Amino acid sequence: MILRSGTSRLATFVREAEPPDREAKVAGRRAIANAFALMINACDHPAARRARGALADVETGPSGTVIGRRTPAPLLVAALSNGISVHVEDYDDTCLPSVLHPSAPIIPAALAAAEFVDASGELLLEGAIVGMEVAIRIADGLGTRARDRGWHITGLVGPIGAAAAAGRILGLSEQQVLHALGIAASQGAGVVAALGTMTKSLHPGRAAANGLEAAFLARAGVTGPLDGIATGIARAAADWLDESRVTAQLGNDWRISSNRLKPYACGVVSHPAIDAATRIRSAFNNGETVQTVTHVQAGVHPLVLDAMGIQRPQTNLQAKFSIYHCIAVGLLDGVGGPEEFSLERVRSSDVRRVRELVDVNIEPACKLDEVSLTVQFADGHLRNVHIDSSTGQGGLTDSGLETKVHELADERIGRERVSYLLERTLQGPPPSATELVALAGPPENQVERNGDNHA
Amino acid sequence: MSGLDSISLTDRVIGTYRAGLPSHVLERTKELILNAVATTVCGRENQAWRALRDAWPPEQRPDSSRWKSGSEPSTHSDPRRTALLVAAAANVDDFDDADIETLTHPTSVNLAAAVAAASVSRAKANDFLSAVAIGCELELRLARALSPSALDRGWDLNGVVGAISSAVVTALLVSPTQEVVLGGIGIGASSTLGQLNQAGTMLKPFVIGKAAANGVSAALLSDHGFTSSATALEAVRGLGQALTDRRECFDDAAASFGHEWLLEQIIVKRYPCGIVLHPAIDAALQLRRGDAWRTADSFTVRCHPLSSGLISRQPGDPLQAKLSAAYCVAAALRDGGVDLRHFGHEAVLDCSYEGRPIHVVSSEALRLPEVEIAALKFNQRGGSEALASERSTLKVGLEDSVMGKARRLLGHYLPDQVDSLVEGISRLDRDDDVQLIVSAVGR
């Protein structure tokens with residue numbers, strides 16, 4: 001009996017996987033709706049603008065669409081810019097326990113490939129789901145060692161998922177998919193030290209572009225090692241790959257169904273703390289207000305301080321990795337959307353005051369989505385909340401997703417179009433790339449900002 | 001300086017660049033560039049390179065109105081693609097240069113980045129030369145800091161540090177400020193790639209090319225204000241820690257930067273194959289000078305265990321043959337040398353000498369990169385005895401033959417431009433114009 005490598009089995013899966021089950025399709029559709037709203041919202045974020053400004057005018061190749069803008073860009077730059085936009089607000093999605101953000105590297109790559117071949121909506125959806133499934137499984141197979149060393153899992157694994165998605169949509173042969181996965185695997189990159197800077201969002205953006213490119217290279221006959229994942233990136237970054245976790249029930253058990261869409265625009269390990277803070281806030285009575293809070297104590301999982309330990313954030317991106325800021329806005333505002341992490345909010349005096357009241361201690365027994373939050377008031381009394389699973393445990397509800405998408409996209413393309421976008425992505429025949437691009441594009445009469453095509 | 005401080009490293013790099021480099025460093029860099037230009041021109045004939053080139057056909061030209069002020073568009077209007085293809089061509093035949101300690105090919109990546117940067121800015125020749133030198137130096141220092149830990153894990157340091165050094169090269173030529181250079185390092189640290197399992201595949205030259213392309217992108221992003229960590233190399237959960245578990249691994253990388261130059265240790269290759277095989281070829285050629293080996297029944301190639309796994313494979317294609325000790329030794333015994341024709345797509349991949357097998361054996365008694373070849377004869381006791389043996393190690397010092405090698409390669413592919421290219425490279429520290437070189441390698 002010849003044992004096939006994990007990469008080989010994944011290549012077969014990418015090429016031949018039957019249409020995913022209902023739950024996986026629902027998860028895929030929700031991820032697409034969520035991602036498109038994020039792309040529309042952040043298409044002119046400084047990170048996306050500067051990336052296009054640096055690369056769009058000097059890169060060549062076929063054209064693709066930067067969602068939310070009218071001017072076309074080279075296909076790889078479009079995928080990169082869209083990937084940045086999905087992730088830059090840290091409002092996308094997460095799979096635990098790996099903390100992978102699967103949408104940002106994969107949906108832009110799937111979209112670009114689908115645009116290139118004018119793929120049907122079904123194929124676009126299948127490609128996105130297959131790509132995300134591949135990435136999730138490889139992240140599971142790596143365990144926590146790569147992350148503990150300092151690798152950003154989304155950047156490490158994202159290119160492989162993106163190559164899988166693009167390979168499915170471009171119709172690569174199984175052998176071509178095998179090589180595409182190997183070429184993509186060689187390009188896993190991104191360190192955690194980039195958190196709080198624009199480069200963090202470059203990780204999935206670049207992963208989308210690199211995965212797409214890998215698929216095109218394999219399509220043209222470029223070859224790589226036959227087991228590029230286990231003997232390449234997994235061995236180097238994590239010493240080994242648990243292939244059983246990668247391939248178990250492949251095609252039958254769709255792990256994409258456990259992908260959580262984020263309810264808050266910040267690092268996912270802080271979400272339980274925001275849940276706790278908002279719960280305390282909503283229970284204020286008998287004269288309790290944030291203004292009467294004198295101390296806040298949070299007990300958290302060790303990774304939380306590691307990833308979210310910026311005590312005095314100076315920028316909005318830094319605030320997304322500040323557990324102190326997250327708790328502060330949870331108590332003050334009761335929400336954690338992009339506005340709560342704007343530069344204005346970061347610098348506001350009430351937020352700064354509450355941030356300084358927060359102490360965080362590590363509770364080794366705490367799970368990743370668990371927190372104990374205790375608030376002390378001026379008269380000495382305490383209020384405590386213990387969360388053992390965050391709001392995102394089961395993902396946003398349909399109405400929660402709808403609210404989020406409208407909040408993100410209404411201003412740019414109008415409420416009516418957003419409603420139609422939601423309707424098309426979540427129900428009925430899935431829209432093709434052409435339809436999605438048209439639905440998500442700016443209104444005809446809207447002038448491109450700054451009068452500069454890509455700045 | 002105790003402990004790496006990326007900001008101080010950046011300041012040293014810029015200070016060295018602005019102050020000018022010692023003449024012996026510039027002369028050595030010219031030799032490395034001459035060699036790399038020759039291997040780039042030659043590498044464009046390689047089928048693997050052509051597959052990379054043709055995989056992504058350009059279909060549109062960019063709007064030239066957004067060039068940096070003071071510059072003008074050149075014929076190479078996609079610097080990322082230029083960098084990728086130039087570096088890949090320079091390396092695809094494995095005939096460029098190498099650092100034996102880190103298995104890196106410094107000039108290919110950094111020359112490619114300089115060519116790409118020169119295509120989008122008005123880089124002067126002396127700046128071009130200095131930037132390549134600094135890029136090679138930085139790549140070596142960072143790679144040696146990561147060696148052997150990162151190598152043992154399976155990382156290809158060409159892609160890992162090449163993305164950073166090429167970002168610095170590009171930044172120096174586009175906008176040599178602390179902000180841009182430091183930003184290029186930070187973004188480059190998140191743009192690494194490449195693992196050793198790609199050796200012997202088309203992915204190897206692609207990774208070197210992509211490292212150069214990523215570095216160019218990193219510098220351009222930084223120049224446009226894209227933010228990154230100022231301590232991406234040395235921070236907790238930074239690149240050093242991710243690669244080796246020791247964030248302090250880069251501590252000595254900047255020591256004496258600009259005063260002591262490692263790039264003078266770069267080896268220009270004499271044979272178009274893995275550098276670890278060069279001693280085996282030399283030993284085979286030494287053996288060939290005698291006669292005792294000619295009746296051998298078989299041959300053994302003994303090398304350090306770290307080499308044997310890399311070079312003991314039976315090649316299935318010419319790229320794999322570049323890492324096959326048996327193939328290269330057979331070719332050396334048979335033909336009296338190893339050159340590009342042994343790795344062409346029509347080469348017959350015979351790993352035996354006239355049907356007599358060649359075995360690769362590891363030996364703890366040998367140090368890296370020593371190799372010993374023995375010609376064996378079966379005896380009546382059922383064993384074998386050595387008829388002859390030769391031991392060799394890596395011979396540094398192709399310098400007197402760099403010109404000969406370069407002229408040979410350039411003469412074959414660009415016969416009308418040999419003299420002007422050789423002259424142009426020799427005058428890089430005196431002339432203003434670098435476009436002749438850019439045009440020759442970047443077209």
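These numbers were taken from a predicted model, which means no experiment stands behind them. Numbered from 1 within each chain, the chains take letters A, B, ... in sequence-line order.
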Heavy-atom pair of closest approach, residues K210(B) and E213(A): NZ-OE1, 2.7 Å
Heavy-atom closest contact (F226(B) atom, A47(A) atom, distance): CE1-O, 3.2 Å
Using side-chain heavy atoms (C-beta onward) and a distance below 4.5 Å, is [X] in contact with [Y]?
X       : Y       : value
Q198(B) : I183(A) : no
F206(B) : T223(A) : no
P225(A) : L203(B) : yes

Heavy-atom donor-acceptor pair, R149(A) side chain to L243(B) backbone, under 3.5 Å: no
Side-chain donor/acceptor of T199(A) to backbone N/O of G186(B), under 3.5 Å: no
Options L317(A), L217(A), L195(A), ranked by heavy-atom pairs under 4.5 Å with chain B, top entry: L217(A)
Contact leader toward chain B among G182(A), P159(A), A237(A), where contacts are heavy-atom pairs under 4.5 Å: A237(A)
Chain B contact via I84(A) - side chain, backbone, both or neither, heavy atoms under 4.5 Å: side chain
Atom group of D306(A) that falls short of 4.5 Å from chain B, counting heavy atoms: side chain
Members of residues 186-193 of chain A whose heavy atoms come closer than 4.5 Å to chain B: S186(A), Q187(A), G188(A), A189(A), G190(A), V191(A), V192(A), A193(A)
